[in-house]
Amino acid sequence: MYGSGVTWTAAVAGATGYAGGEVLRLLAAHPQIEIGAVTANASAGTRLGQHHPHLIGLADRVVAPTDPEHLVGHDIVVLALPHGVSGAVAAALEQADGPTPILVDCGADHRLTDAAAWQRFYGTDYAGAWTYGMPELLHTGETVAGAQREQLANTRRIAVPGCNVTAVTLAAQPGVAAGLIDPGRLNAVLAVGYSGAGKALKPHLTASEALGSAQPYAVGGTHRHIPEIIQNLQVAGAAPDSVRLSFTPVLVPMSRGILATVTAPVTAAVSGSDDPDAVLRQAWERVYGPTGAGEALIHLLSAGVWPVTGAVAGTGVATVQVAYDAAAGVAVIICAIDNLGKGTASAAVQSLNLALGLPETTGVITEGVAP
């Protein structure tokens, strides 16, 4: 829409939280975006360095209140706010004087297209759906993602996916799109880093209770990301009302990262073939290509190599592997992402780049840290 050679200003609301800090880390290195206001609510009036000492170049910025007065006048506003809050802020910005900025919502308020699903899982007023910020999302009939990128290239409202949603969707969608796995019997178990629970101080999130312990949460079909995953897999080709998902996230003692293990029964196209593993792998290769050849930020690993969260920490990259479990008759797909990277901030920047007419990996970190 705009292209190279232009510089835009961006404000970040909710700048003192984990997602806001990660967005700022990426935007600080973006060659065509300048950081404007940084805002929050309870921490307004403090310096950003008190909350994100790693953002040295921004440490002396004073955190402003999250209100239209401090957000208007920017080309871009990133909303890294709690669920149920960004809808009201976005509505206020749209009513304010002057041009409305491109809005990027890292919260859940604008992800779901089904108002009833929103009410059932969130229980607040439905704010409406924005363009979904997953460029790699397949649409029915696609083997290479293109329709979602086209939508993002022509939008000014972006809803960033949930982090768990990203891991499960990227794992499962090639098999759903190719008709190789049964979407009615999907099972996903996720190991999730503690930053995914946010900064709010709760006893079970303190080091004394978290270190050395794994804690399941939102068990039994209650997690708010379930309808979003179902929505994505229907976009990818699953028949309406055909997706049944058992979804169990588990907090594990790491600060960031998600390792999603997705299993599903295979269809006859796999089980009846001479080489089920090859049939499955070919479907994932058609979508992602071998080791990033098809998607720059999704790496299908070499056969027998399994994703690990440490390899993608701090990056906007997802790693994926698929194999056939002959004894159980299921496909096993594993996806690793950084929940704050590909799961949130990197997806926001990647989608924003498309809306700005820039190469989508501009400012997205693709090299991890080790050890």
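Counting begins at 1 with the first residue of the sequence.
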Let me confirm one number: the [atom1]-[atom2] distance from [X] to [Y], rounded to the nearest 0.5 Å.
| X | Y | atom1 | atom2 | value |
| --- | --- | --- | --- | --- |
| Ile337 | Asn339 | CD1 | CG | 7.0 Å |
| Ser351 | Leu152 | OG | CG | 4.5 Å |
| Arg224 | Phe247 | CZ | CZ | 13.0 Å |
| His52 | Leu24 | NE2 | CG | 6.5 Å |
| Trp8 | Ile102 | CH2 | CD1 | 8.0 Å |
| Leu81 | Asn41 | CG | CG | 7.5 Å |

Around [X], counting heavy atoms of other residues, nucleotides and ligands shown, do more than 12 lie under 6.0 Å from its [atom1]?
| X | atom1 | value |
| --- | --- | --- |
| Asp275 | CG | yes |
| Gln119 | CD | yes |
| Ile56 | CD1 | no |

Minimum side-chain heavy-atom gap [X]-[Y] below 4.5 Å:
| X | Y | answer |
| --- | --- | --- |
| Leu301 | Trp306 | no |
| Leu300 | Arg281 | yes |
| Asn353 | Thr361 | no |
| Cys335 | Val320 | yes |
| His70 | Pro65 | yes |
| Thr315 | Glu367 | no |
| Ile181 | Val176 | yes |
| Pro227 | Asp114 | no |

Test your reading of the model: is there a side-chain donor-acceptor pair from [X] to the backbone of [Y], 3.5 Å cut-off?
| X | Y | result |
| --- | --- | --- |
| Thr166 | Gly162 | yes |
| Thr263 | Ala331 | no |
| Thr169 | Val165 | yes |
| Asp277 | Tyr324 | yes |
| Arg111 | Val160 | yes |
| His30 | Gln32 | yes |
| Glu209 | Thr206 | no |
| Asp338 | Gly314 | yes |
| Gln321 | Val305 | yes |
| Arg156 | Ala355 | no |

Assigning hydrophobic clusters by single linkage (Ile, Leu, Val, Met, Phe, Trp, Tyr; side-chain heavy-atom cutoff under 4.5 Å), is [X] placed with [Y]?
| X | Y | result |
| --- | --- | --- |
| Leu340 | Val349 | no |
| Val189 | Leu245 | no |
| Val330 | Val243 | no |
| Leu103 | Val12 | no |
| Val38 | Val23 | yes |

- Message: Ignoring hydrogens and geometry beyond distance, is a side-chain donor-acceptor pair present between Gln231 and Thr113 at under 3.5 Å?
- Response: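 On atom types as modelled, these side chains qualify, holding a pair under 3.5 Å.
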- State, without any angle test, whether Gln173 and Glu142 hold a side-chain donor-acceptor pair at a distance under 3.5 Å. no
What is the minimum heavy-atom distance between [X] and [Y], and which atoms define it?
| X | Y | value |
| --- | --- | --- |
| Tyr217 | Val250 | CE2-N, 4.1 Å |
| His74 | Gly36 | NE2-CA, 3.6 Å |
| Gly184 | Arg244 | O-CB, 2.9 Å |
| Leu79 | Asp105 | O-OD1, 3.5 Å |
| Lys342 | Leu170 | CE-CD1, 4.1 Å |
| Ala171 | Ile333 | O-CG2, 3.2 Å |

- Task: Indicate, with yes or no, if the rings of Tyr122 and Trp118 have centres closer together than 6.0 Å.
- Result: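 For Tyr122 and Trp118, the ring centres are under 6.0 Å apart.
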- Message: Tell me if the aromatic rings of His225 and Phe121 count as close, with their centers under 6.0 Å from one another.
- Response: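 Judged by ring-centre distance (under 6.0 Å), His225 and Phe121 do not meet the cut-off.
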- Query: Which one of Val6, Thr362, Leu356 satisfies the side chain to side chain contact (heavy atoms under 4.5 Å, CB included) criterion with Ile33?
  - Reply: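 Filter result, single survivor: Leu356.
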- Task: For the pair Asn164 and His223, evaluate side-chain contact (heavy atoms from CB on, under 4.5 Å) and give the outcome as yes or no after the intermediate values.
- Result: CA-CA 10 Å; Asn164 296 311; His223 198 285; 3.7 Å; yes
- What do the steps show when you test Cys106 against Val78 for side-chain contact (heavy atoms from CB on, under 4.5 Å), and what is the final call? CA-CA 7 Å; Cys106 294; Val78 179; 3.9 Å; yes
- Query: Can you list the steps and then say if Arg157 with His110 is a side-chain contact (heavy atoms from CB on, under 4.5 Å)?
  - Reply: CA-CA 9 Å; Arg157 301 288 181 272; His110 301 95; over 6 Å; no
- Item | Intermediate values then yes/no, side-chain contact (heavy atoms from CB on, under 4.5 Å), Leu259 and Ile334 | CA-CA 7 Å; Leu259 188 71; Ile334 296 182; 3.6 Å; yes
